[in-house]
Structure formats: C-alpha cells, structure tokens
Amino acid sequence: MLIIRLLLILLASFFVFNLECEVVRGYEGRLVNANYKKGLEINEGNKNCSNLVELAYFKDKNIWIIGDSLMIGWDGNRVVSNSCPNIVRRLLQPNSLNDCYSFSGAQISGNRATKPVDLTNNVTNIINDAEFKSADYLLIALGVNDLNYSDNNIGYVQQRLQSNIYRLKQANPNLKIMGSVSFDSYLQKKASDYTLKDLQDALKAFWHSDY
C-alpha cells in the first residue's frame with residue numbers, strides 16, 4: 001500500500017515540468033517541487049489530475065532518485081520486485097533512470113553517535129559520478145528515517161538538505177530537483193524529538209523557501 005501511495009505522488013510530480021504553474025492536483029499525499037526555487041504543492045485528497053503532460057516528454061530525459069527503503073521497494077514488510085522506480089521506468093520510459101543512490105536507512109542528517117548514513121556522504125558519491133552531469137531531474141525522497149532514527153534536531157535536517165542541494169546544483173546547474181514530503185512512519189517509538197507533522201512542515205517550508 002505504501003508503494004502504491006508513493007507511486008501516485010511520484011507520477012504526479014514527474015508529470016510537472018511547467019514551473020510557472022501554482023498548483024498541481026494529484027490523487028493524494030503532499031509533494032513539493034523545488035525547481036528553480038519555486039514551491040509547487042500537490043493538494044492532498046484532490047482527485048482532479050488536470051493539465052498533466054504527455055508521457056512522451058520524458059523519452060529523452062534522465063531521471064535520478066535519491067531515496068530510502070521505499071525507493072528500493074520496501075512495503076513495510078518485505079522488498080518487492082515491482083518497486084516505485086521500476087514502475088516509473090516502465091510507465092514514463094525515460095532515456096534513463098538511476099536509482100542506485102537509494103538505500104535502506106538513508107537519512108538527510110544521519111546520527112551523531114554512529115556511522116552516518118546521511119545525504120552528505122551520498123551526494124559526495126553522486127557528484128563524483130561521471131553520469132551525473134547528464135541528469136535532468138532528481139527526486140529526493142528522504143526524511144522519514146531522520147524522524148525514526150536520527151538524534152539530530154529538525155533545524156539540522158533542514159540545514160543538511162540546503163547544503164547538499166547547493167552542492168548538487170553546483171555540480172549540475174541545469175538539474176531540476178523535486179522533493180518528496182514524508183507521508184507516513186510505521187515506527188511507534190522514534191529517536192527524534194519532533195513529530196511526523198513537524199517533519200512534514202519543516203520539509204515543506206524548506207522546499208517553498210529560497211534556501
């Protein structure tokens with residue numbers, strides 16, 4: 001069910017390339033678009049998906065994904081073969097789709113007391129990847145593991161996201177970056193001192209800012 005919900009969010013976001021529009025309607029969930037520092041929100045619960053572009057738009061585009069276990073197919077119980085990236089690849093048929101920088105446990109900020117699994121380390125590997133300069137779109141689908149496992153505060157999560165998006169744009173100035181706002185958490189007890197709503201609000205505020 002988590003995979004299906006996230007897929008709907010991803011498909012709606014990928015269809016958006018007109019950065020001047022104010023609101024895009026999607027089936028459910030929230031997603032913001034940080035392309036050229038403009039926030040773009042998909043309204044929750046609105047099933048009127050109008051003005052979506054043709055799939056053919058992505059035929060010559062290179063899509064990259066930075067994500068956590070949801071992006072490798074974890075559905076809450078097991079890893080499924082029909083993951084979100086695989087479905088997006090099949091439906092959009094882009095020139096390429098790189099999801100090899102998504103891994104289980106990935107966070108934006110990492111942990112202070114243990115070996116970090118954070119965005120900073122991941123971005124270092126990405127910008128050293130010779131193929132990255134040809135990326136057209138990048139989706140960042142991270143945050144829930146910061147809520148569940150990180151001992152950093154929410155301000156530091158925002159700061160790490162800001163710093164690493166700057167690094168990504170420096171390495172590829174033509175890159176269009178999209179951000180996914182976490183929509184669920186299956187853990188009852190979390191390491192962080194903030195709530196899921198706090199995280200959603202912080203990420204949304206970031207993607208809508210000039211960062």
Side-chain angles (χ1 to χ4, degrees), residues 6 9-11 13-20 31-40 53 57-72 83-86 88-89 92-112 115-146 150 152 154-182 199 202-211:
L6 189 55
I9 297 171
L10 288 175
L11 289 178
S13 69
F14 283 138
F15 289 147
V16 180
F17 73 100
N18 180 359
L19 305 180
E20 299 304 319
L31 185 129
V32 291
N33 185 310
N35 296 342
Y36 297 102
K37 302 183 181 180
K38 287 180 178 283
L40 195 63
V53 303
Y57 172 76
F58 293 92
K59 292 288 186 181
D60 63 342
K61 300 299 187 294
N62 301 310
I63 300 172
W64 284 49
I65 298 175
I66 303 175
D68 51 30
S69 57
L70 286 175
M71 288 294 101
I72 64 172
S83 65
C84 282
N86 287 340
V88 170
R89 186 182 287 109
L92 298 187
Q93 299 181 24
N95 181 58
S96 68
L97 190 150
N98 186 328
D99 61 341
C100 69
Y101 293 100
S102 296
F103 56 93
S104 182
Q107 300 177 21
I108 296 170
S109 65
N111 283 58
R112 288 172 289 179
K115 182 179 179 180
V117 284
D118 65 356
L119 183 59
T120 299
N121 289 340
N122 211 8
V123 166
T124 297
N125 293 328
I126 289 168
I127 62 181
N128 288 330
D129 189 323
E131 299 296 322
F132 179 63
K133 290 187 182 299
S134 65
D136 299 300
Y137 282 87
L138 172 67
L139 172 68
I140 298 178
L142 294 170
V144 71
N145 287 322
D146 293 87
S150 177
N152 288 303
I154 203 163
Y156 187 71
V157 173
Q158 290 176 305
Q159 190 273 332
R160 288 290 85 199
L161 187 56
Q162 178 185 47
S163 173
N164 284 294
I165 285 181
Y166 176 79
R167 295 172 67 206
L168 290 165
K169 292 292 288 184
Q170 285 290 104
N172 182 349
N174 296 318
L175 184 69
K176 298 176 179 64
I177 300 177
M178 297 176 286
S180 174
V181 175
S182 305
L199 176 65
L203 291 177
K204 187 188 299 185
F206 171 80
W207 290 114
H208 280 280
S209 73
D210 291 333
Y211 53 86

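Scanning both residues, S150 and N152, for their nearest heavy atoms gives OG-N, 3.1 Å. Closest non-hydrogen pair, D68 versus A106, comes out as CB-O, 3.9 Å. Closest heavy-atom contact between L203 and L142: CD1-O, 4.0 Å. The two residues S102 and I65 have their closest heavy-atom pair at OG-O, 3.4 Å. Annotation for G143 and L199: closest pair O-CD2, 3.3 Å, computed over non-hydrogen atoms. Here the shortest heavy-atom pairing between I165 and F206 reads CD1-CE2, 3.5 Å.
Residue Q158 holds its CD atom at 8.0 Å from OG of S209, rounded to the nearest 0.5 Å. A distance of 3.5 Å separates CD1 in I66 from CD1 in I126, rounded to the nearest 0.5 Å. Rounding to the nearest 0.5 Å places CD1 of I127 at 9.0 Å from NZ of K133. Here S134 contributes atom OG and D129 contributes atom CG; the two are 8.5 Å apart, rounded to the nearest 0.5 Å. Rounding to the nearest 0.5 Å gives a distance of 11.5 Å between NZ of K61 and OG of S96. L138 contributes atom CG, which lies 12.0 Å from atom NZ of K176 (distance to the nearest 0.5 angstrom).
Residues W207 and L161 meet the side-chain proximity criterion, which asks for heavy atoms closer than 4.5 Å. Inter-residue side-chain proximity for N98 and N62 is flagged as unmet; no heavy-atom pair is nearer than 4.5 Å. The shortest side-chain heavy-atom distance between D99 and M71 does not fall under the 4.5 Å cut-off. Looking at L70 and C84, their side chains never come closer than 4.5 Å, going by heavy atoms from C-beta outward. Residues T124 and N128 form a side-chain contact, since some pair of their non-hydrogen atoms from C-beta on lies under 4.5 Å apart. Side chains of N95 and D136 form no contact here, defined as non-hydrogen atoms less than 4.5 Å apart.
Looking at residues two or more places apart in sequence or on another chain, you find a side chain to side chain contact (heavy atoms under 4.5 Å, CB included) between A135 and W64, F132, N172, L175. Under the side chain to side chain contact (heavy atoms under 4.5 Å, CB included) criterion, N164 pairs with L119, T120, V123, R160, R167, not counting sequence neighbours.
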Open item on the list: The test is side-chain hydrogen bond (donor to acceptor under 3.5 Å, both in side chains); show your working for D118 and N121 and say whether it passes.
Closed with: CA-CA 6 Å; D118 65 356; N121 289 340; 3.3 Å; yes
- [ ] In sequence, state the C-alpha distance, the side-chain angles, and the governing distance for I63 and L139, and then conclude on side-chain contact (heavy atoms from CB on, under 4.5 Å).
- [x] CA-CA 8 Å; I63 300 172; L139 172 68; 5.8 Å; no
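Put simply, the side chain of S180 never gets that close to the backbone of A141: no donor and acceptor are under 3.5 Å apart.
Remark: of the listed residues V157, N145, I154, V157 is the sole one forming a side chain to side chain contact (heavy atoms under 4.5 Å, CB included) with S109.
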